[in-house]
Amino acid sequence: MMNEPQRMANTSKLPAGASNGALWKLEPADRDLDANVISLAPGEQIGEHLGPALDVLLHVFAGSGMLHTASGQIELEVGDIIYLPAHSQRRFTAGEHGLAYFSVHQRKNTTGLMPVPRRS
């Protein structure tokens, strides 16, 4: 791993909300953090699941959507910083212009979560 600060990505240059999945991932092999940029096309979802055994912090930088939790819903809009406690129940639904967020947390094994098509 490089021991110097460096620019890793610029969210304003990513095709946010146009496709589904990870647009960017933190790649250095020797690191303590995991980070990625997730994009969902309009109306798409990341299905209901329990989060990993660690806290996650999200920053919404494009589009809008809804975070469905065990106790209700949180509207997501550009600029929101969202805290997801370890093992919390969650489901994401993108709004009419899609949704894109930056996620950061302690390093973990990949869960293999993928967006699922919207239910009719």
Side-chain angles (χ1 to χ4, degrees):
M1 179 172 149
M2 181 181 231
N3 287 328
E4 291 291 322
Q6 59 185 297
R7 177 178 291 121
M8 301 301 291
N10 183 318
T11 58
S12 70
K13 296 179 181 177
L14 296 173
S19 62
N20 292 322
L23 298 178
W24 174 86
K25 296 180 191 179
L26 187 61
E27 293 294 341
D30 185 23
R31 65 186 192 276
D32 295 328
L33 291 176
D34 264 342
N36 55 39
V37 171
I38 300 297
S39 176
L40 294 174
E44 295 297 315
Q45 295 185 22
I46 295 177
E48 186 174 310
H49 63 283
L50 290 178
L54 44 82
D55 297 336
V56 178
L57 194 63
L58 306 179
H59 178 245
V60 177
F61 69 89
S64 65
M66 192 68 67
L67 168 60
H68 308 269
T69 72
S71 61
Q73 299 179 3
I74 299 171
E75 284 191 48
L76 301 174
E77 60 183 39
V78 172
D80 283 345
I81 295 175
I82 305 294
Y83 169 65
L84 302 173
H87 300 293
S88 60
Q89 181 179 315
R90 56 193 84 157
R91 174 172 58 96
F92 294 89
T93 304
E96 65 180 271
H97 300 289
L99 173 68
Y101 60 85
F102 173 73
S103 168
V104 64
H105 45 79
Q106 283 184 301
R107 192 167 183 187
K108 64 176 176 60
N109 292 330
T110 303
T111 61
L113 295 176
M114 296 298 293
V116 295
R118 171 177 49 169
R119 294 179 190 161
S120 299

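- Of all the heavy atoms in Ala94 and Ala41, the pair that sits closest is CB-O, 3.2 Å.
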Could you give the side-chain donor-acceptor pairs of residues 52-64 under 3.5 Å, partners two or more places apart or in another chain?
| residue | atom | partner | partner atom | Å |
| --- | --- | --- | --- | --- |
| Asp55 | OD1 | Tyr83 | OH | 3.3 |
| Asp55 | OD1 | Ala86 | N | 3.0 |
| Asp55 | OD2 | Tyr83 | OH | 3.2 |

- Message: Quick one, Phe92 with Leu76, criterion side chain to side chain contact (heavy atoms under 4.5 Å, CB included). Give me CA distance, side-chain angles, the key distance, then yes/no.
- Response: CA-CA 9 Å; Phe92 294 89; Leu76 301 174; 4.0 Å; yes
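- Listed for the His97 side chain is no donor-acceptor partner under 3.5 Å among the backbone atoms of Gly95.
- Val78 and Phe102 fall into different hydrophobic clusters, where Ile, Leu, Val, Met, Phe, Trp and Tyr side chains are chained together by heavy-atom contacts under 4.5 Å.
- Note: Leu67 CG to Tyr101 OH = 9.0 Å, rounded to the nearest 0.5 Å.
- Between the NE2 atom in His105 and the CG atom in Asp34 there is a gap of 5.0 Å [rounded to 0.5 Å].
- Residue Met66 is not grouped with residue Leu40 when hydrophobic side chains (ILVMFWY) are merged at heavy-atom distances under 4.5 angstrom, including chains of intermediate members.
- The side chain to side chain contact (heavy atoms under 4.5 Å, CB included) test applied to Glu77 returns Asp80, not counting sequence neighbours.
- For the atom pair CD (Gln73) and CZ (Arg91), the distance works out to 7.5 Å, reported to the nearest 0.5 Å.
- Scanning for side chain to side chain donor-acceptor pair (under 3.5 Å) contacts around Gln89 gives Glu48, with sequence neighbours left out.
- Taking all atoms of both residues into account, the shortest heavy-atom contact from Gly43 to Thr93 is O-CG2, 4.4 Å.
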